[in-house]
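Here the structure comes first, spelled out in structure tokens, and everything after it is commentary.
As the structure is a prediction and not an experimental result, all values here were calculated from the model. Both ligands and their constituent atoms are indexed starting at 1 by order of listing.
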Amino acid sequence: MTGWLAVVGLGPGDPALITPEVTATLAEATDLVGYGPYVARVPDRPGLCRHVSENREELARARFAFELAAGGRRVVVVSSGDPGVFAMAAAIFEALEHGPDSWRALDIRVLPGITAMLAAAARVGAPLGSDFCAINLSDNLKPWALIERRLSLAVAADFAIALYNPRSLARPEGFARALELLRHACERERVVIFARAVTTPEEAITVTTVADARPEMADMRTIVLVGSSRTRLVPRAGGAPPVVYTPRSTP
Ligand code: SAH
């Protein structure tokens with residue numbers, strides 16, 4: 001039996017946002033590997049083995065997936081959103097680069113998904129409608145000083161900015177410092193969007209400003225979108241929330 005390895009994105013939460021390509025690949029898998037809550041999003045069926053691990057064990061999980069595939073299993077490694085955005089795809093290739101040569105002959109595929117920043121942006125309008133960037137605020141894998149430097153340079157370049165992993169119980173102070181930096185670098189009215197658990201039943205979206213943004217508005221299920229200096233609100237009729245968008249052009 002020929003094994004293979006697919007690293008797939010399950011999208012932001014709503015099953016309707018899983019691509020048909022990912023659904024078809026899941027239907028052929030013998031083994032599912034990933035962080036518990038993501039593995040739990042795939043419906044059970046006979047013949048599917050589930051291998052659940054802790055969130056921080058990415059490299060060990062990647063090596064384990066390679067061992068299964070090398071042994072002839074059809075392995076799907078699941079990520080939320082897109083597997084290439086602060087998720088398992090890079091961990092898989094790190095394991096490949098440093099692993100046994102035999103792994104390099106395997107059939108390895110990365111199947112994209114809808115990443116959180118795009119799902120969140122779509123909910124409010126088009127805040128990422130011009131140039132933008134994404135920053136992971138977790139300092140598990142890089143120094144905090146580098147995060148602050150990238151954030152200040154992104155503001156200086158007038159990007160709209162998506163902030164992934166803004167705040168966890170283990171690192172509550174980082175996001176407060178990031179907001180402090182934004183308060184110094186941006187005008188008070190700069191648009192800030194807190195989008196929590198987008199496309200799930202717990203979805204909550206708050207559109208506010210840099211002046212009114214508070215650290216407690218974010219948790220690990222929140223993505224924070226910071227507008228560029230051009231990002232604006234368009235009021236709507238009939239009690240509908242305003243649309244947030246960034247114009248395509250800069251004069
Ligand atoms: N690979 C994922 C990101 C993993 S990092 C993706 O492409 O979306 C985990 C972070 O993603 C969370 O801390 C949060 O900032 C963001 N995130 C993931 N799913 C989300 C959702 N449904 N709503 C809001 N933010 C989400």
Side-chain angles (χ1 to χ4, degrees), residues 6-19 21-22 33-42 53-59 61-62 65 76-94 110-125 127-128 132-142 144 147 150-151 154 160-176 178-179 182 192-208 213 215-226 244:
V7 196
V8 312
L10 296 176
D14 183 349
L17 298 182
I18 300 176
T19 68
E21 181 184 47
V22 166
V33 176
Y35 176 46
Y38 304 155
V39 170
R41 281 171 54 188
V42 179
S53 54
E54 285 303 311
N55 203 198
R56 286 195 175 207
E57 293 168 1
E58 282 140 343
L59 207 53
R61 184 191 299 154
V76 173
V77 178
V78 289
S79 285
S80 75
D82 183 276
V85 179
F86 312 132
M88 279 306 293
I92 285 288
F93 294 122
E94 243 175 86
V110 180
L111 309 186
I114 296 177
T115 188
M117 70 175 172
L118 300 184
R123 277 292 194 256
V124 297
L128 307 178
F132 65 89
C133 65
I135 300 178
N136 185 349
L137 282 194
S138 165
D139 60 357
N140 285 345
L141 299 171
K142 61 189 171 188
W144 178 259
I147 297 174
R150 287 189 174 152
L151 187 57
I161 307 164
L163 300 174
Y164 283 78
N165 289 308
R167 192 160 175 261
S168 74
L169 290 175
R171 342 165 251 105
E173 67 299 320
F175 183 58
L179 280 183
L182 290 172
V192 180
I193 299 150
F194 290 88
R196 179 170 195 277
V198 177
T199 82
T200 79
E202 294 83 48
E203 175 175 304
I205 297 191
T206 307
V207 177
T208 182
E216 318 74 66
M217 291 176 172
D219 65 6
M220 275 313 278
R221 295 189 74 190
T222 307
I223 185 150
V224 181
L225 304 181
V226 182
V244 185

Exercise for the section: Show the protein residues that qualify under the rule heavy atom under 4.0 Å from an atom of ligand 1, listing them in chain and number order. Expected result: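 Only Pro12, Ser80, Gly81, Asp82, Val85, Phe86, Ala87, Thr115, Ala116, Tyr164, Asn165, Pro166, Ala195, Ala197, Val198, Met220, Arg221, Thr222, Ile223 have heavy atoms that fall under 4.0 Å of ligand 1, ordered by chain and number.
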
Problem - Residues forming a ring-ring contact (aromatic ring centres under 6.0 Å, His included) with Phe132, sequence neighbours excluded - result: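 Counting only residues at least two positions away or on another chain, Phe132 forms no ring-ring contact (aromatic ring centres under 6.0 Å, His included).
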
Exercise for the section: Name all residues meeting the ring-ring contact (aromatic ring centres under 6.0 Å, His included) criterion together with Phe194; count only those two or more places apart in sequence or in a different chain, and write none if there are none. Expected result: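 Phe194 satisfies ring-ring contact (aromatic ring centres under 6.0 Å, His included) with no residue once adjacent residues are dropped.
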
Practice task
Applying side chain to side chain contact (heavy atoms under 4.5 Å, CB included), run through Arg196 and Asp219 and close with a yes or a no.
Solution key: CA-CA 8 Å; Arg196 179 170 195 277; Asp219 65 6; 2.8 Å; yes

Problem - Sequence neighbours excluded, every pair satisfying salt bridge (Lys or Arg N to Asp or Glu O under 4.0 Å) that has a member inside residues 6-19 - result: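 Output for this query is empty, none listed.
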
Practice task
Taking the side chain as every heavy atom from C-beta outward, state whether Asn165 and Met220 have any atom pair closer than 4.5 Å.
Solution key: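 Side chain of Asn165 against side chain of Met220, heavy atoms only: contact under 4.5 Å found.
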
Practice task
Could you grab the distance from atom CG of Leu225 to atom CE of Met117, nearest 0.5 Å is fine?
Solution key: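 Rounded to the nearest 0.5 Å, the CG-CE separation comes out at 9.0 Å.
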
